J.: 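Shown below is the structure under consideration.
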Amino acid sequence: MLSPVKIWRNQKKIRSLLNKNGEILSFTKVYVPPAGFEAQAPYVVAVAKLDDKTRIIAQLVEWEDQDLKIGKKVHTILRRTKDPGIEGIIPYGIKLKPLD
Amino acid sequence: MNVSILAGATTKFGELWSASPRRMVREVVDLVRAQSGLSLAKIDGIFVGNMLSSSLGNQDHLGAFFAEELGLNVPAVKVEAACASVGMAVHLAFLSVLSGRYKNVLVIGIEKMTDFKPETVNNALMGAGSDPEREAGATFPALYALIARAHMEKYGTREMEMAQVSVKNHYHASLNSHAQFTRLITLEDVLKSPLVASPLKILDCSPLTDGAAALILSSANDKKGVSFVASAVATDTLGLSQRQDLTSLKAARLASRQAYTQAKVTPNDIDVAEVHDCFTIAEIIAMEDLGFFKKGEAAAAIFAKKTWLGSGRPVVNTSGGLKAAGHPVGATGVKQVVEIFNQLTAKAGKKQVKNARIGLTHNVGGSGATCVIHILKRN
Amino acid sequence: MTANIGILSYGIYIPYYRLKTAEIAHVWGKKSEDITSSLGISEKSVAAFDEDSVTLAFEAASDALIRGNISPSDIQAILVGSESHPYAVNPTSTIVGEFLGVSSKYLAMDLEFACKAGTSAMIAVAGLISSKLINTGLIIGSDCAQAKPHDILEYSASSAACAYILSDNSSDNLAQILEVTSVSSDTPDFWRRDGVRFPSHGGRFTGEPAYFYHVELAARYLLEKSGLKPSDFKYCVFHMPNGKFPRLVAKRLGFTESQQRPSLIVDSIGNPYSASSLLGLSAVLDIAQKGDLVFVVSYGSGAGSDGLVIKVNKNPLKSARNFNLRVLQKKYISYIDYLKFATRI
């Protein structure tokens, strides 16, 4: 079970990264996931540079093949990130979505 | 004062189901004891390199664990720096001998990676990365895949050129009795292998391996032996996304520059090198970071066999590297030093590089957050 | 109503994925035309495996704050209505509030009343403003509805969120709440026991004695209380459990097709439960002109209906964020993907 205290401490960091625009610096499609991410595979992980120069690493969701390129404009959104199991606190975090 | 290597040995690397960490360590320690002729009573300190004993095996306190195993009461400590754990242990052992306080020091590298399912081990290995990386579902193949794609975009590096690194290291490993994989592979084998994290395929990635390795460092004057002319470490951001340049490891550039200065050599002087090819792209980038080739030129050079046994210089990864010899993360850094030690003392057998006088090891932790460089010279 | 209470801004969120009625029907060996003609639904919105009522509510509320250029620190209450709150104990409203960056001086509350929790939240916040306990409040109706495989609800139960920021600022408000009614009874037409994943229902019992009885009762009560007739309204919005019920109830009450048409979000995304009536209203507000009157009656199983008369005070701004444009950003998935997504992380 994930630590509720750590999830709570992480919230401020997440809040400051929400609703920001940026672009993809690199990306990869993960076919062999680590434990806890099996049901999501394959999924795309990307490094992005936000407009305020912050850099983040996050999953890219709701993409089409033509979105998978370095330089593609993206937007940060709020999503569930890790499997909390049956009784744990749900971790929410940042993911990326392509901008049209 | 000279810090020299009195002895070095490794176990066979592979999926060693019946071998416990205790047994593997006893095996390599017996080997270095026999090689050096030094009794364990003369050991002043033990540095143990290991990454996963805590997260996978619930065992901390490895210094005491192995001191007990060897029947000693000397200072002993675990050193952890992800996949550069034991390279870092070597560095600390070197410093301890250089300080004059310890005369003979034992460095042990040990890792057991097959006691749990790969998904669990891959999850634990991500302890070497950052929290956001773990939260994004990244694995080490994914992190190096991000590096690969950036390198391909910037320099036009091709998947075929990355694949060639694997072909070379398998060829070298076929001459190494201790390697995990000794079969030869072709470019096509690599390119056709299943994708792990695009563009990296399974044959672009080093395996999960069990193994142990050991070294004895000493201040004893050894005129015919091998000594350290450089031991340098640098660190960079933990997370890949925080790096300024995804196509180079700053920690490797900084550490290697320091190392060349310490040793008073240039990349041209290196005859043989063991570099950290956790993934094929990592070797290409290492060759650039270490100054052997200009940025963007290493891939083509490796493809043209400029670093292969028999045709190249420096000859890189005669052990088979991490890819083909195997990568027990806590033992690799010492394995690399042992390989160079064998090369410089003409004990490398079928993979011997003629007249190897100066060798370099490059051990990286995580996606480049730590880099340890040693340069060794035949006395 | 005593005080001048109205809608300062609104925001919506529709998940990206769609599942077609035809795709579901095919899996169960049914003819898609039969389903479409009896239910009046052709596709529904599906939340991804990493979405839930919290993330949907957050996106809709962010949209409302951005559209209205409102600072999160102005929000003094957050009420979220849903029947798929991720926690039985641990409020959605505070998780959303934290991510929106509201201050700590606000009242937070989660509501449940099947599909009318969103409109009930609106009435509650209107009451808080009316009593001057607050001057600005956020309400959200958000749901990631789930349905048992092969159940008729599988075709309609969808996901979306809609947020409204209410205030007493009559010069900035886009619309004013003129009148409010609500009717309630104990009618077990559709329910979900604590700890059980999928809801259950009484089949045809959900029709006349449930939906129609309560909607018509609240509607007639609202017309009586406001002293208005159906022809006084430019638009009407009814809760949309499928394509048939709202059209039939509108007709029975004397509303025309053209009054209702802009509100029929069910035609493009199915029934997103607590977001249904609220989204229908948002689609109307996207086009309603100054002076237009809007008649809204929601329905929640269990059962009850909320009624609101809303008067539009400003002409609408054309926005890329409007329902009719946002709903076009979609991707069709297979039933297999739908099952994969249902294994929520």
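Residue numbering restarts at 1 for every chain, and letters A, B, ... go by the order of the sequence lines. None of the values given here were measured: they were computed from a predicted structure.
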J.: Tell me, for A/I57 versus chain B, whether the close heavy atoms (under 4.5 Å) come from the side chain, the backbone, both or neither.
T.: both
J.: Top residue by heavy-atom pair count (under 4.5 Å) with chain A, among B/L125, B/T139, B/N122, B/L195?
T.: B/L195
J.: For A/K82, is it the side chain, the backbone, both or neither that has a heavy atom under 4.5 Å from a heavy atom of chain B?
T.: side chain
J.: Examine whether an atom of A/E38 lies under 4.5 Å from a heavy atom of chain B, and if so say whether it belongs to the side chain, the backbone or both; otherwise answer neither.
T.: side chain
J.: Which atoms form the tightest heavy-atom contact between A/P34 and B/G137, and what is the distance?
T.: CD-O, 3.7 Å
J.: Select one option (side chain, backbone, both, neither) describing which atoms of B/L143 are under 4.5 Å from chain A's heavy atoms.
T.: side chain
J.: Going from CG on A/L68 to CZ on B/R149, what distance comes out if it is rounded to the nearest 0.5 angstrom?
T.: 8.0 Å
J.: Which atoms of B/L246 come close to chain A, meaning under 4.5 Å heavy atom to heavy atom: side chain ones, backbone ones, both, or neither?
T.: side chain
J.: For B/K117, does the NZ atom have more than 12 heavy-atom neighbours from other residues, nucleotides or ligands under 6.0 Å away?
T.: no
J.: Please report the closest heavy-atom contact between A/S26 and B/A150, naming both atoms and the distance.
T.: OG-N, 3.8 Å
J.: Within a reach of under 6.0 Å around NZ of A/K49, are more than 12 heavy atoms found that belong to other residues, nucleotides or ligands?
T.: no
J.: For atom NZ of A/K20, is the number of surrounding heavy atoms from other residues, nucleotides or ligands below 6.0 Å larger than 12?
T.: yes
J.: For the residue pair B/A136 and A/A58, what are the closest heavy atoms and their distance?
T.: CB-CA, 3.8 Å
J.: Heavy-atom distance under 4.5 Å between the side chains of A/V47 and B/S241, does that happen here?
T.: yes
J.: Just verifying a value: how many Å separate B/R243 CZ and A/R55 CZ, rounded to the nearest 0.5 Å?
T.: 11.0 Å
J.: Nearest 0.5 Å please: distance from the CD1 atom of B/I147 over to the OG1 atom of A/T28.
T.: 11.0 Å
J.: Using every non-hydrogen atom in the two residues, find where A/F37 and B/R134 come nearest and quote the distance to one decimal.
T.: CZ-O, 3.5 Å
J.: Looking at B/E135 and A/T81, what are the two nearest heavy atoms and their distance?
T.: OE2-OG1, 2.7 Å
J.: Output the option from B/N123, B/I202, B/L146 having the highest count of non-hydrogen pairs under 4.5 Å with chain A.
T.: B/L146
J.: Mind checking the CD-CD1 spacing from B/E133 to A/I56? Nearest 0.5 Å is all I need.
T.: 12.5 Å
J.: Can you tell which part of A/Y31 gets under 4.5 Å to a heavy atom of chain B, answering side chain, backbone, both or neither?
T.: both
